[in-house]
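Submitted below is the structure of interest, expressed as structure tokens.
Naming: A, B, ... by sequence-line order, numbering from 1 per chain.
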Amino acid sequence: MKILVGVKRVIDYNVKVRVKADQSNVDLTNVKMAMNPFCEIAVEEAVRLKEAGVASEVVVMSVGATQSQEQLRNAMALGADRAILVEAEGEIEPLNVAKAFAAVVEKEQPGLVILGKQSIDSDNNQMGQMLAALTKRPQGTFASKLVIEDDKALVTREIDGGLRTIALSLPAIVTTDLRLNEPRYAKLPDIMKAKRKPLETLSLADLGVTLKSHCRLDKVESPATRSAGIKVSSVDELISKLKDEAKVI
Amino acid sequence: MTTLVIAEHNSKKLSPSTFSTLMAAQAIGSDIHMLVAGKNIAAVAEAAAHLSGITKVLCADADVYEYALAEPMGDLLVHLSTAYSHIVAPSNSESKDYMPRVAALLDVGQVSDVCAVLSADQFKRPIYAGNAIATVTVLDEKKVMTVRASSFDKSTQQNDQACAVEMVDFIAQNAVSSWQSDDITESARPDLASASRIVSGGRGVGSGENFALVEALADKIGAAVGASRAAVDAGFVSNDLQVGQTGKIVAPDLYMAFGISGAIQHLAGMKDSKVIVAVNKDEDAPIFQVADYGLVGDLFDVLPEMTDKV
Ligand SMILES: Cc1cc2nc3c(=O)[nH]c(=O)nc-3n(C[C@H](O)[C@H](O)[C@H](O)COP(=O)(O)OP(=O)(O)OC[C@H]3O[C@@H](n4cnc5c(N)ncnc54)[C@H](O)[C@@H]3O)c2cc1C
């Protein structure tokens, strides 16, 4: 079984974003970029399925700027076999990304697609579900456990109040939650090896995808900041503040 | 122009998030219908019909909608979509599944986690874990959106006179996905998403057994229990208690954080709480920057003392 994995280049999760002075967007100049943490988990899961003999090939794919090659190489250092970069500048809306993925799914016919549940920049949480709809494949989102059994994927995911397990007939689309696995670090020899693994570059036009604009970004602001509170010195003082001042208990 | 609001419910009652979503829909300024989908949900549909501001309730009652699986829910909504300019759902684990499907099947975008409605096509939503707020204009004719319930008021008026309840006869076919099992943690405590008080514990709590200290205070003041991701990952408590960017977004009247450092991903989920209390033995912990009341101290001393005295 071939597995296709999505990889997105985003701001490193440790970096605190700043809004540009003209409020046109957040400022990403000279900011450390990295693989979206949920995509790291998707890559790890696919590589584990290959190591377990369930998958035969792991293909990683990104839709984004040329620099996304860095994240694709990184994914290959972690064990992916080859990479596809669909070059596109700027912020690409989830439906357009899903269309590019759908075109590659059509070409590559993977038995499973694994994607992160959301990217930590736009926080949309849409792409996997949209891809499932476009390819008419079943979806299992927010997987915290994934088991492949014959022609089925068993996905355990969070719901309000607990966990739910659903069965999907393959081929299917799965998106990852944080606790699905603990991604490994790339070892130096593997980073060297990854440089020689195949990385194919395509354009949206090659895939027959035309960008369609669904949403216009008008303005980006900093959220309202909370005014700094006070430090209390004892439990008694805390309780009296909560009772008399804040009136919340 | 008519808006369709999708009700969140547990087959018995409407969730408070449904009311918040109705408030958001009212700000859009059109006629509002509400969809109640599931199995054996006549009572919920009836309750919805008494909500003020709604002119019709659609009731889709069938086996195939029982677990709100994405594929049949998506097909149901696409089937209903022709009559609506806006399709709006509270942002929850089910809508996160089927709403993007609906959008893709309709070839439109989706606005996730709307936190303010500026007009019928302009909305605000948080990005970068809530570190920035984007104002966006939807260019598509049909608007598919999910609403961050904690950003809207949940006080809804009831009418004595019920509006019409219309049965939906469309039954989606689903041969590709199926429910297997649920593993639900039974809890007598208030639900995290709608609780007015929350007591949360982080890695500092140390173990699952120690979490009893957090629970004791929560029970004393009628609060829900929450946790940081580190506490969840360490197995102290179950997944569904996680508060944060990738957990639950909460905005109670009182949020108390014990042994939580205050990483941005955690703050993203609770910084809209009315009053925040932080107890941490590290006086430089970032959580103190958002706390209204901070107490530098050892949670193993503070928790029992508070539970005793409060
Ligand atoms: C993509 C992504 C998504 C994430 N999503 C979330 C999310 O949704 N929610 C979330 O919470 N995190 C999330 N995280 C993780 C987040 O970055 C932090 O790692 C996490 O919130 C830390 O949890 P913590 O504060 O409990 O642990 P720590 O950061 O380890 O802090 C423990 C704190 O306890 C204090 N302490 C220890 N012992 C005591 C004591 N005896 N008394 C008093 N204080 C004590 C310490 O001083 C310290 O401040 C996410 C991370 C990533 C990368």
Ala291(B) versus chain A, the contacting section by heavy-atom distance below 4.5 Å: backbone

Electrostatic pair Lys212(A)-Asp107(B), nearest N-O below 4.0 angstrom: yes

Euclidean distance, Ser238(B) OG relative to Leu163(A) CG, rounded to 0.5 Å: 7.5 Å

Contacting region of Val102(B) [heavy-atom separation from chain A under 4.5 Å]: neither

Asp292(B) portion near chain A, given a 4.5 angstrom heavy-atom threshold: both

Note, Ile184(B) side chain near Ile159(A) side chain (heavy atom, < 4.5 Å): yes

Minimum heavy-atom distance between Glu221(A) and Thr135(B), given as atom pair plus value: OE2-OG1, 3.8 Å

Euclidean distance, Leu168(A) CG relative to Glu71(B) CD, rounded to 0.5 Å: 7.0 Å

Per-residue contact mode, Lys124(B) against chain A (heavy atom under 4.5 angstrom): side chain

Any Tyr67(B) side-chain heavy atom under 4.5 Å of Ile166(A) side chain: no

Candidates Glu237(A), Lys231(A), Glu245(A) - the one meeting side-chain contact (heavy atoms from CB on, under 4.5 Å) with Tyr293(B): Glu245(A)

Asn125(A)/Ser112(B) under side chain to side chain donor-acceptor pair (under 3.5 Å): CA gap, chis, key distance, verdict: CA-CA 8 Å; Asn125(A) 202 326; Ser112(B) 298; over 6 Å; no

Under 4.5 Å from a heavy atom of chain A, the part of Ile276(B) involved: both

Arg226(A) side chain vs Lys271(B) backbone, donor-acceptor pair below 3.5 Å: yes

Arg101(B) and Gln126(A): side chain donor to acceptor below 3.5 Å: no

Pair Asp218(A), Thr137(B): side-chain N/O donor-acceptor within cut-off below 3.5 Å: yes

Heavy-atom check, side chain of Val232(B) versus side chain of Arg179(A), under 4.5 Å: yes

Chain A contact via Ala175(B) - side chain, backbone, both or neither, heavy atoms under 4.5 Å: backbone

Thr246(B) and Gln118(A): side chain donor to acceptor below 3.5 Å: no

Closest-packed option against chain A by number of heavy-atom pairs under 4.5 Å, given Glu283(B), Gln289(B), Glu186(B), Gln265(B): Gln265(B)

Main-chain N/O of Val235(A) paired with Glu305(B) side-chain donor or acceptor, under 3.5 Å: no

Polar side-chain atom of Gln180(B) near backbone of Leu154(A) as donor-acceptor pair, under 3.5 Å: no

Chain A contact via Ile133(B) - side chain, backbone, both or neither, heavy atoms under 4.5 Å: both

NZ on Lys247(A) to CG on Leu254(B), rounded to 0.5 Å: 14.5 Å

Any donor-acceptor pair under 3.5 Å from Arg157(A) side chain to Ser93(B) backbone: yes

Which atoms of Asp301(B) approach chain A - backbone, side chain, both or neither, heavy atom under 4.5 Å: neither

Atom of Asn131(B), atom of Pro223(A) and distance for their closest heavy-atom approach: O-CD, 3.1 Å

Rounded distance [0.5 Å steps], CD1 in Ile127(B) versus OG in Ser122(A): 8.0 Å

Donor on one side chain, acceptor on other, Asn124(A) and Gln110(B), under 3.5 Å: no

Approximate separation, where rounding is to 0.5 Å, of Gln129(A) CD and Lys96(B) NZ: 10.0 Å

Pair Asp123(A)-Gln245(B), side-chain donor/acceptor within less than 3.5 Å: yes

Under 4.5 Å from any heavy atom of chain A - which part of Ser178(B): both

Min side-chain heavy-atom separation Val26(A)-Tyr128(B) under 4.5 Å: yes

N/O donor-acceptor pair under 3.5 Å between Glu93(A) side chain and Gly109(B) backbone: no

Segment of Glu8(B) engaging chain A (4.5 angstrom heavy-atom cut-off): side chain

Pick from Asp272(B), Val290(B), Asp253(B), Val138(B) with the largest number of heavy-atom pairs that fall under 4.5 Å of chain A: Val290(B)

